[in-house]
Undergrad: 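So that we are looking at the same thing, I have put the structure below in structure tokens.
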Amino acid sequence: MRKKKILKGILTAMAACMAMSFPLAASASGRWESTTSRDEDNNICIDFEEVQVHLPASWSGKCQMGTSEDGVSFYQTKSRDLWTKELGYPNGGWLFSINFSQTNDFWDNPSYMTLGSGSDGIYYVTFPTDLQAYTEDATALAEFQTMANDVDWITENITITSDGSWIDIYGSEEYIFQQSATAYLSKEDLAGMSADEIQMAINEIYARHHRKFVLQEVQDYFNSKSWYSGTIEAADFDVSVMNTYECANINLMVDYLKNFKSN
């Protein structure tokens, strides 16, 4: 699911999308070194070490690409230049970013869409929560809105070109359902589980978002997990932090638990 949040920090290098190559800053990881070509529809094809991105031909000359160790971001040039001139530092125009992680630290980001596994980590996309266009310029605003409308198509067509062989450093034994934040579970996944196991799997989704638990035995269970950090009291927990996968999976498990009560 697309959820949105402003990317923090100033990214390092930028290059125009109209060019046929994208030179990166020397400090950027080789992961984000790239080559650029055109497909049969004249769309811009950017090949990174493990990721391939297609940008619409209409973006040529209208966007900039910035890199950091953990990701690459795409901006509308016109809005970014106008905001930078007004504020005196690089800002604005952000459309989306492709990010890389070797942990599950992005689960708390309310603005991510998981792409999949590479050879040594996970790739995911983040999006802005507010309007990044320079609204005082009608031309910049209209162009930004048009480009923003293309982002769904772009992200749906991002390809991970590696073999996807990465294994979570925490290991699947650390989770009941390691994938419950990034994929939909099915009834088949729940088959054979006890009611207590399913309830703990529900709690696991909450635990990923740092929720504490009233029952000491449940709290002790999650305290034993290397990925868990309980900082939010149960009464203060806000379920709106959960993504579409998590909400759907909780609903599935709650419905499944009703079968135990009716039998």
Undergrad: Look at the aromatic rings of Trp32 and Tyr123 and report parallel, tilted or perpendicular, splitting at 30° and 60°.
TA: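 It falls in the perpendicular class, over 60°.
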Undergrad: When you compare the side chains of Asn99 and Thr126, does any donor N or O come within less than 3.5 Å of an acceptor on the partner?
TA: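 Their side chains do contain a donor-acceptor pair, which is all the 3.5 Å distance test asks for.
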Undergrad: Just checking, any donor-acceptor pair under 3.5 angstrom between side chains of Glu86 and Tyr134?
TA: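 Yes, a side-chain donor-acceptor pair sits under 3.5 Å.
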Undergrad: Taking the six-membered ring for Trp, are Tyr175 and Trp227 ring centroids under 6.0 Å apart?
TA: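 Here the rings of Trp227 and Tyr175 have centres that are less than 6.0 Å from each other.
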Undergrad: Are Arg31 and Asp120 close enough, and set up right, to give a salt bridge (Lys or Arg N to Asp or Glu O under 4.0 Å), and what steps lead you there?
TA: CA-CA 11 Å; Arg31 181 181 309 281; Asp120 60 343; 3.0 Å; yes
Undergrad: With side chain to side chain contact (heavy atoms under 4.5 Å, CB included) as the test, pick out the partner of Arg80 among Thr84, Thr77, Leu82.
TA: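 Considering Thr84, Thr77, Leu82, a side chain to side chain contact (heavy atoms under 4.5 Å, CB included) with Arg80 is found only for Thr84.
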Undergrad: Using a 3.5 Å distance criterion without hydrogens, assess whether the side chain of Asp238 forms a donor-acceptor pair with backbone atoms of Ser240.
TA: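 Side chain of Asp238 to backbone of Ser240, a donor-acceptor pair under 3.5 Å: yes, one is there.
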Undergrad: When you compare the side chain of Phe213 with that of Tyr221, does any pair of heavy atoms fall below 4.5 Å?
TA: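 The answer is no; the side chains never approach within 4.5 Å.
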Undergrad: Answer yes or no: are there more than 12 heavy-atom neighbours, outside Glu217 itself, under 6.0 Å from its atom CD?
TA: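 Check fails, neighbour count at 12 or below.
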Undergrad: Is a side-chain N or O of Glu204 found less than 3.5 angstrom from the main chain of Phe177, in a donor-acceptor match?
TA: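 Indeed, once roles are kept as given, a pair shorter than 3.5 Å links the two residues.
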Undergrad: Answer yes or no: is there a donor N or O on one side and an acceptor on the other, between the side chain of Tyr228 and the main chain of Arg211, under 3.5 Å?
TA: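 Looks like yes, one N/O pair under 3.5 Å.
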Undergrad: Determine whether a donor-acceptor pair (N or O, by modelled atom type, separation under 3.5 Å) exists between the side chain of Ser60 and the backbone of Ala57.
TA: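 No; zero donor-acceptor contacts below 3.5 Å.
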Undergrad: For the pair Trp153 and Val151, evaluate side-chain contact (heavy atoms from CB on, under 4.5 Å) and give the outcome as yes or no after the intermediate values.
TA: CA-CA 5 Å; Trp153 177 85; Val151 171; over 6 Å; no
Undergrad: Do Val214 and Phe222 share a hydrophobic cluster (ILVMFWY, side-chain heavy atoms under 4.5 Å, transitive)?
TA: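 Different clusters.
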Undergrad: Within the distance-only criterion (no hydrogens, no angle test), does the side chain of Trp59 pair as donor or acceptor with the backbone N or O of Asp150 below 3.5 angstrom?
TA: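 No.
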Undergrad: Does the structure place the NZ or CZ of Lys258 under 6.0 Å from the centre of the six-membered ring of Tyr256, at an angle of no more than 45° from the ring's axis?
TA: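 That pair does not qualify as a cation-pi contact.
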Undergrad: Is the backbone of Phe96 close enough, under 3.5 Å, to the side chain of Trp94 for a donor and an acceptor to pair up by distance?
TA: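 Yes.
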Undergrad: For the residue pair Asn223 and Gln219, confirm or rule out a side-chain donor-acceptor distance under 3.5 Å.
TA: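 Side-chain D/A pair, Asn223 to Gln219: present.
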Undergrad: Whether Glu143 and Lys78 form a salt bridge (side-chain N of Lys/Arg under 4.0 Å from carboxylate O of Asp/Glu) is what I want to check.
TA: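 No, no charged N to carboxylate O under 4.0 Å.
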Undergrad: Side chains of Ser186 and Asp189: is there a donor and an acceptor less than 3.5 Å apart?
TA: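 Note: Ser186 and Asp189 side chains meet the donor-acceptor criterion.
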Undergrad: Is it true that a side-chain atom of Thr161 and a backbone atom of Glu50 form a donor plus acceptor pair closer than 3.5 Å?
TA: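 Indeed, once roles are kept as given, a pair shorter than 3.5 Å links the two residues.
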Undergrad: For the residue pair Glu174 and Ser226, confirm or rule out a side-chain donor-acceptor distance under 3.5 Å.
TA: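 Side chains of Glu174 and Ser226: pair found under 3.5 Å.
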Undergrad: Treating Asp39 as the side-chain partner and Ile44 as the backbone partner, does any N or O pair qualify as donor plus acceptor under 3.5 Å?
TA: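 No; zero donor-acceptor contacts below 3.5 Å.
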Undergrad: Do Gln76 and Ser79 pair up side chain to side chain, a donor and an acceptor below 3.5 Å, judged on atom types alone?
TA: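 The criterion, which ignores hydrogens and geometry beyond distance, is satisfied for Ser79 and Gln76.
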